[in-house]
Every structure is written in structure tokens, then in C-alpha cells.
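Have a look at the structure below, then the notes.
Note that the structure is a prediction, hence the values are computed from the model and not measured.
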Amino acid sequence: MSGFTCATCAEKVSVDTFAPWRCPNENGDRHHVLLIDESDQHIVESHPNPFIAFRRNMLWWQFATANGMTDEQTIALVQRIDDAITKVGGVGFVTTPLTYQSAFSDELSFESPGGIWVKDETHNVGGSQKARHLMSILLHLFVAEELGIAPWAHAAARPTLVISSCGNAAIAASTLAAAAKWPIDVFIPEWAGGVVVETLTALGARINRCARQSQDPPGDPTVLRFREAVNNGSIPFSVQGPENALCLDGGRTIGWEMGQQLAHVNISELDAVFVQVGGGAFAASLSRGLSESGIAAPLVAVQTEGCAPLSRAWNTAQSDAKPAQHWTQHMWPWESEPVSLADGILDDETYDWVADLAQIQRTNGQVVVARESEVIVASQLAPRTTSINASPTGTAGVAGLLVMRSLLANTARVAVVLSGIRR
């Protein structure tokens, strides 16, 4: 059985614990983070739904079985929720494709046996990878309900789910909440609008616009309002590990899938995997999953010049043996107004920077900062050469590949993830 260990204070949280959202010693500043313990277990079963195929490696499943649920009951639970998700969103959880992209590779002058492998997350639940992170939280909640562990007596008394996001994470969260018939509050910037807000409204989410208030401390006002709601009893339905550590559980399924898909074509290592970083959970989870599936792949975390707090932390923390214990020396809100075409990764803090740095160091990776011109080129190049309708945020990892292309051999084998659909 796995569990969690706080990177800041080393507190242990058992896998059979209900609501293991945050470290018990966390005092409100979110400068503690529970990371998933290392495990030698990696069991894969043949099933198109990753939450069934990889279930035995996942904390939600271990929570369920540790508290008396049978394996057959866990499979039935996933299938029941997935059926409801399909009815709401038109698609459930399936293995997403990883393909070699010859036109893309040719465009960037790669040669055999090298080139670019692309993981396409645009047809995932909610149009991005975000629902993978959130599904582990939802399954944990349903397990707790069915076993009578949850503190609420019945479905009508459920606490509200809450998330701070104005993009793919909000859509993913609202899709899952609608399928589960669970109330959700979404905290969005005051200026947000367009198709994202229309989609959230159609899914029945309660939208809360968050203006910056004069008494607010530095940081994103949507996150501040979200935390106030959690303090008042709402459930953090978040893709940020310091807010809900279980989001790091489901995110690993993308890396596990990639590992399995690469192994099927006899690839055991990559020269780099490029992943865009906003809050940071995606990069950390994907890389962790690849490592656990036996694939050697240096993680290249990509940020934009308009908002690069992880790059700053990478520069200051490399000589720090315990960076999480010196949180504010390495991670603080980006001082200037974050700006980029890749607006979905403009988190003014990289909330999962500790997990990101752990994987960058583990895989001998690095952080790169793309110029805005490279973000723009990537947003045009990737859809044109792959025919994948990805958004500028979803292609931002490609901008990192453009930054590093001159440093890679023509026969280098690399991977990128196109992680969000263009709306």
C-alpha cells in the first residue's frame, strides 16, 4: 500500500485516510504538500478505461480496498461514473493516442530513428487532461459515500465542490460534477467570458467572478476566494497538489499510458519529454507516471517569458537539499501581470513546484522559458503538422521544443503532449 508524505515536514498520511487533501500540519499558507510515496508496484490490466486498467496502482483504489470495498465493486463504480460522464460530456475515459508524427518531425529536421511522438489529450473528458487529475478525487468521494465513511448522511447533504479556474480545469471539473450530480462552485477572474463561461453555465456550475480586493494578499484572487470556500466546508476539487494531493494520483495515468504505448513499439527511453507548466501538477504527474512505467525521459518543464515562477525556483533551489522547507525563498507570486497567448498556464505561482523539481532532478531534466514569439509559432506549427486541433495553451510544450531544438541531435527521440482542445 502507498500513502503520502509531506515534502515540507515529513508527516505521513495513510492511504486509508478519508479526505487526504492536505498535510495535517498545514497552517493555511499551503506551504506543505503531500507527495505520493514511492512504490515498486506497477500492475496493468487490459482495459480501455485507465481508471480500471491502472486501478491497483492508484490511491483511490487502495483507499477503497483498505476500507472493505471489493475489487469488483471498484470496477463497477468506475463504470457507473464513466457512463454518467459519457452522457453529460459525450465521451468517457479512454486511452488517448500516442503517435509518431512524421510531418512534424520533418518540419523540425529530425531523422530516423529519432523524431517527435505526440500524446493527444484533446479528445479526453472535457477536452483536456485535467479530468484525469480530478477523477481520482471524485472516486475517493464516491467510495467514502458508499462505505459510509463520508461525514454527510446522504447525497442531498453533500458539501459543494470548488475549483479556481477559467479554462480547461473548470470545464473538466464541471463535467464531472454534472455527471455526479454534485454541486460545484467555480471561481473565475472578473474578466473571464466567452465559450468557457458559456460551457460552465450549460453544465450547471455556479460561477463566481473574483475581483481583486484592496485587502487581498499577493496572489490570484480566484485562488484566495477558493480557499475561503474550502475553509467554510467546501471540497477542494482542484488540480493543484497543495490544495488536494489526490489530483497527483489520477494525473499519473497519462504517464503510465505513454509508458505502455512506448513499450509496445520497443522504446524504453526518450531524449526529452516537453510539458507546459502553469500550476505544475500535469508535468509532475506525467513524468512520475513515465518513471514508474520504466521509461527514462528527462522532463523539460516549459514556461513562457510572461510568467515563469518555476524557472525562478529552479534557479534558486538547485543547491537546496530541502527546498520545500524554504518555500518562500524559492516560490512566490509572479510580480508583473502574467501575459501570454498560452493563457491557461499563466498561474502566478507554480503550486506544484516541489513535485516538479523532484521529477526534473530525478530525470536529469530542466526548465526552459519560451519567448512569446516561440509560443505563437508553436500554436500554429503543431496543429498544422499533426492535424490535432489544440489550443495555444495545449501546444505550449512545443514552444519548449523550439527553444531546445538546436541542442538536440537530429536523431533525438522526443515527446510532447497536446493537452487541450482549441475552443
Side-chain angles (χ1 to χ4, degrees), residues 50 91 93-132 168 251-277 282-283 285-287 289-290 293 295-302 342 344-345 363 365 368 370 374-405 408-422:
V91 62
F93 287 102
V94 296
T95 300
T96 53
L98 177 73
T99 55
Y100 177 77
Q101 295 289 332
S102 56
F104 195 2
S105 300
D106 291 345
E107 187 87 14
L108 293 185
S109 302
F110 284 105
E111 302 170 0
S112 180
I116 306 171
W117 289 80
V118 173
K119 181 74 163 162
D120 178 8
E121 292 294 301
T122 63
H123 298 291
N124 214 329
V125 174
S128 77
Q129 90 288 353
K130 298 292 188 180
R132 297 285 189 110
N168 287 325
R252 293 183 296 166
T253 60
I254 305 169
W256 291 334
E257 274 184 15
M258 289 182 69
Q260 193 174 35
Q261 290 162 327
L262 290 167
H264 283 164
V265 291
N266 297 315
I267 295 174
S268 61
E269 60 182 294
L270 299 169
D271 290 281
V273 56
F274 293 86
V275 187
Q276 59 270 32
V277 170
F282 175 36
S285 300
L286 181 150
S287 179
L290 274 175
S293 63
I295 302 296
L299 171 61
V300 180
V302 182
I345 57 169
T363 63
V368 300
E374 290 157 334
V375 173
I376 293 170
V377 170
S379 73
Q380 299 164 348
L381 173 65
R384 175 171 59 81
T385 56
T386 65
S387 299
I388 296 171
N389 186 32
S391 68
T393 294
T395 63
V398 176
L401 173 56
L402 297 178
V403 173
M404 285 193 61
R405 177 61 189 93
L408 296 166
N410 289 346
T411 54
R413 184 180 283 135
V414 302
V416 298
V417 185
L418 302 187
S419 62
I421 195 168
R422 187 185 298 267

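The cationic group of Arg413 does not satisfy the cation-pi geometry with Tyr100, failing either the under 6.0 Å distance to the six-membered ring centre or the 45° limit from the ring axis.
Asp271 contributes no side-chain N or O that, together with a main-chain N or O of Val414, makes up a donor-acceptor pair within less than 3.5 Å. Under the 3.5 Å distance criterion, the side-chain polar atoms of Arg405 are matched with a main-chain donor or acceptor of Leu408. Under the 3.5 Å distance criterion, the side-chain polar atoms of Arg252 are left unmatched by any main-chain donor or acceptor of Ser285. With hydrogens and angles disregarded, a donor-acceptor distance shorter than 3.5 Å links the side chain of Ser105 to the backbone of Ile116.
Here Leu108 contributes atom CG and Leu402 contributes atom CG; the two are 6.0 Å apart, rounded to the nearest 0.5 Å. Atom CG of Leu286 sits about 9.0 Å away from atom CD of Gln129, to the nearest 0.5 Å. Between atom OG1 of residue Thr393 and atom CG of residue Leu418 there is a gap of 12.0 Å, rounded to the nearest 0.5 Å. Note that CD1 of Ile388 and CG of Asp120 are 4.0 Å apart. Values are rounded to the nearest 0.5 Å. Distance check, rounded to the nearest 0.5 Å: CG of Leu401 to CG of Leu381 gives 8.5 Å. The distance from atom CD1 of Ile254 to atom OG of Ser419, rounded to the nearest 0.5 Å, is 8.5 Å.
With a 4.5 Å cut-off on side-chain heavy atoms, Met258 and Ile295 do not count as touching. Side-chain contact between Pro113 and Thr411: present, with at least one pair of heavy atoms (C-beta onward) separated by less than 4.5 Å. The shortest side-chain heavy-atom distance between Thr363 and Leu290 does not fall under the 4.5 Å cut-off. Between Pro383 and Thr395, some side-chain heavy-atom pair lies under the 4.5 Å cut-off. The closest side-chain heavy-atom distance from Val302 to Val398 is not below 4.5 Å.
Taking Ala283 as the reference, Val275, Val277, Leu299, Asp356 meet the side chain to side chain contact (heavy atoms under 4.5 Å, CB included) condition, with sequence neighbours excluded. Evaluation of the ring-ring contact (aromatic ring centres under 6.0 Å, His included) rule for Phe93 yields Phe51 as partners, not counting sequence neighbours.
Within the structure, side chain to side chain donor-acceptor pair (under 3.5 Å) contacts touching residues 377-391 (residues at least two apart or in different chains) are Glu107-Arg384.
Lys119 and Gln261 share a side-chain donor-acceptor pair at under 3.5 Å. Residues Thr96 and Glu257 have side chains that bring a donor and an acceptor to within less than 3.5 angstrom of each other.
For Ala409 against Phe110, the heavy-atom pair with the smallest separation is O-CE2, 3.7 Å. Taking all atoms of both residues into account, the shortest heavy-atom contact from Gly420 to Asn168 is CA-ND2, 3.8 Å. Heavy-atom minimum distance, Gly394 versus Gln276: O-NE2, 3.3 Å. Considering all non-hydrogen atoms of both residues, Val94 and Arg132 come closest at O-NH2, 3.2 Å.
Remark: of the listed residues Thr99, Val265, Val417, Val265 is the sole one forming a side chain to side chain contact (heavy atoms under 4.5 Å, CB included) with Trp117.
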